[in-house]
Amino acid sequence: MAGEPISTPIRCSLGLSSTGKRGRRRRRRLPVGVLHLRWLPPSLGRPSSAPLFLHPLLDCDFLVPLSSGAFPSPVVFATQALTSSRSRSVCILDRYQPARATLAVDSTATDGSRLQSGSPTVLLEVKDLKAVIAESKQMVLRGINLTIREGEVHAIMGKNGSGKSTFSKVLVGHPDYEVVGGSVEFKGQNLLDMDPEERSHGGLFMSFQSPVEIPGVSNIDFLQMACNARRKKRGLPEFSPIEFFGFLQPKLSAVNMDPKFLNRNVNEGFSGGEKKRNEILQLAVLEADLAILDEIDSGLDVDALQDVAKAVNALLTPSNSILMITHYRRLLDYISPTYIHIMVRDSDIRRRQNRKDGDVSLAEQLEREGYRGISAA
Ligand SMILES: Nc1ncnc2c1ncn2[C@@H]1O[C@H](COP(=O)(O)OP(=O)(O)OP(=O)(O)O)[C@@H](O)[C@H]1O
């Protein structure tokens with residue numbers, strides 16, 4: 001079961017029982033609804049998200065900090081627990097108070113697609129987007145169309161200089177570019193009317209090809225600041241430093257990042273791979289609705305690629321989405337795309353593939369025949 005590289009929607013409920021202050025047992029059920037299980041490729045091994053040394057003590061396979069207040073994170077991790085053939089129990093840490101949780105599977109859907117439960121909500125709708133370089137007014141995007149729904153993973157491939165990074169930078173509101181036509185709606189709102197900060201607080205995240213260094217700002221302060229700003233925007237209470245540390249711990253281990261990086265200045269002196277891990281840590285902390293990952297595979301060694309991919313998979317829920325830019329098929333082996341697109345001459349994202357999750361034959365064809373082979377098809 002754990003080896004199938006597909007995801008399956010199943011109807012689940014998460015039952016929680018815990019011991020209250022006066023020693024009375026409390027029972028709660030979390031309204032989980034339909035969960036979309038992602039079976040991780042066997043090469044990724046069993047996902048882990050929490051300090052392993054606690055597992056034997058609590059006799060469970062997974063620990064999830066509920067103190068993060070970040071529903072659906074417990075659901076995501078509980079879902080992952082099921083992907084391990086042995087895992088049937090999840091432990092949710094409620095402010096360091098262990099509470100036992102069980103995951104009950106009510107019914108299994110017949111089809112393996114992540115997109116079976118009705119029509120998922122459109123998260124991003126890009127129509128005929130045109131943009132120029134702000135300084136020179138040179139046209140760089142000549143009419144992009146793309147629709148991303150909740151729960152989808154889109155991969156954009158394309159020749160060097162075809163406009164992939166420019167497209168993603170335009171989406172996050174980079175000042176180097178000016179939009180001169182078309183529309184972009186994000187979660188039903190006009191994205192182009194928002195300033196870059198609003199876009200980020202609204203749930204759009206971008207991991208840059210070359211993440212910036214921020215001298216004088218420690219990584220943990222930066223992460224806490226960014227996290228609290230987003231929580232405020234979502235109407236959630238801000239984390240105190242101690243609460244934030246508890247929230248951060250499992251995310252650090254999910255990215256397999258040494259805690260010593262928290263006290264260093266943001267990205268300062270980090271190696272290429274460390275910067276990429278740090279980007280994914282930021283993504284995990286911000287719990288973005290749409291994550292744009294620009295070549296997160298570049299500069300990563302094999303282990304780091306697996307760690308980063310595992311962390312990204314752990315963040316996927318039925319209600320968020322990923323847009324990833326890559327040149328290489330190997331990333332798609334680890335993060336299974338719903339759609340693969342090829343960007344052609346700054347003007348078009350051609351959906352060359354519209355099949356079930358995990359189908360990477362277009363990327364395979366690219367590897368075999370190059371872009372010449374694809375355009376001749
Ligand atoms: N700020 C800018 N000033 C001048 N030219 C730019 C600017 N931004 C993008 N371009 C040009 O626009 C084109 C598209 O660049 P972009 O970085 O989006 O390509 P890409 O598809 O991401 O390439 P790669 O695969 O090499 O990363 C390139 O020719 C690039 O030189």
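Every heavy atom of this structure was used, including side-chain atoms; hydrogens, water molecules and symmetry mates were not. These figures come from a predicted structure and were not determined experimentally. The chain is numbered in sequence order, starting from 1. First listed ligand is number 1; within each ligand, the first listed atom is number 1.
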Is any N or O atom of Gln138, backbone or side chain, closer than 3.5 Å to an N or O atom of ligand 1? no

Mind checking whether Lys159 has a heavy atom under 4.0 Å from ligand 1? yes

Step-by-step side chain to side chain donor-acceptor pair (under 3.5 Å) determination, Ser319 to Glu150: CA-CA 5 Å; Ser319 59; Glu150 289 180 340; 5.5 Å; no

Proximity of Thr166 to ligand 1 by residue part, where a heavy atom lies under 4.0 Å: both

Residues forming a side-chain hydrogen bond (donor to acceptor under 3.5 Å, both in side chains) with Asp301, sequence neighbours excluded: none

Identified side chain to side chain contact (heavy atoms under 4.5 Å, CB included) counterpart of Asn219 within the set Gln224, Lys260, Met257: Met257

Restricting to salt bridge (Lys or Arg N to Asp or Glu O under 4.0 Å), what partner residues turn up for Glu178, sequence neighbours left out? Lys137

Pull out every atom of ligand 1 sitting under 4.0 Å from any heavy atom of Tyr177, numbered as shown with elements. 1 (N), 7 (C), 8 (N), 9 (C)

Where on Val140 is there a heavy atom closer than 4.0 Å to ligand 1, on the side chain, on the backbone, on both, or on neither? side chain

Quick one: sort the Phe270 and Phe261 rings into parallel, tilted or perpendicular, breaks at 30° and 60°. perpendicular

Contact between Pro196 and Val172 at the side-chain level, heavy atoms closer than 4.5 Å - yes or no? no

Would you check whether Met343 reaches within less than 4.0 Å of ligand 1, judged by its heavy atoms? no

Nitrogen or oxygen atoms of Gly163 and ligand 1 under 3.5 Å apart: yes

Tell me, please, whether Phe247 has Lys251 positioned over its six-membered ring: NZ or CZ under 6.0 Å from the ring centre and within 45 degrees of its axis? yes

Hey, is Glu295 touching ligand 1 through its side chain, its backbone, both or neither, going by heavy atoms under 4.0 Å? side chain

Note: Leu192 and Asn190 closest approach over all heavy atoms is N-OD1, 2.9 Å

For ligand 1, is there an N or O atom under 3.5 Å from any N or O atom of Gly161? yes

Atoms in ligand 1 flagged as close to Asp176, the criterion being non-hydrogen separation under 4.0 Å: 1 (N)

From the options Leu141, Val132, Asn160, select the one whose nearest heavy atom is closest to atom 24 (P) of ligand 1. Asn160

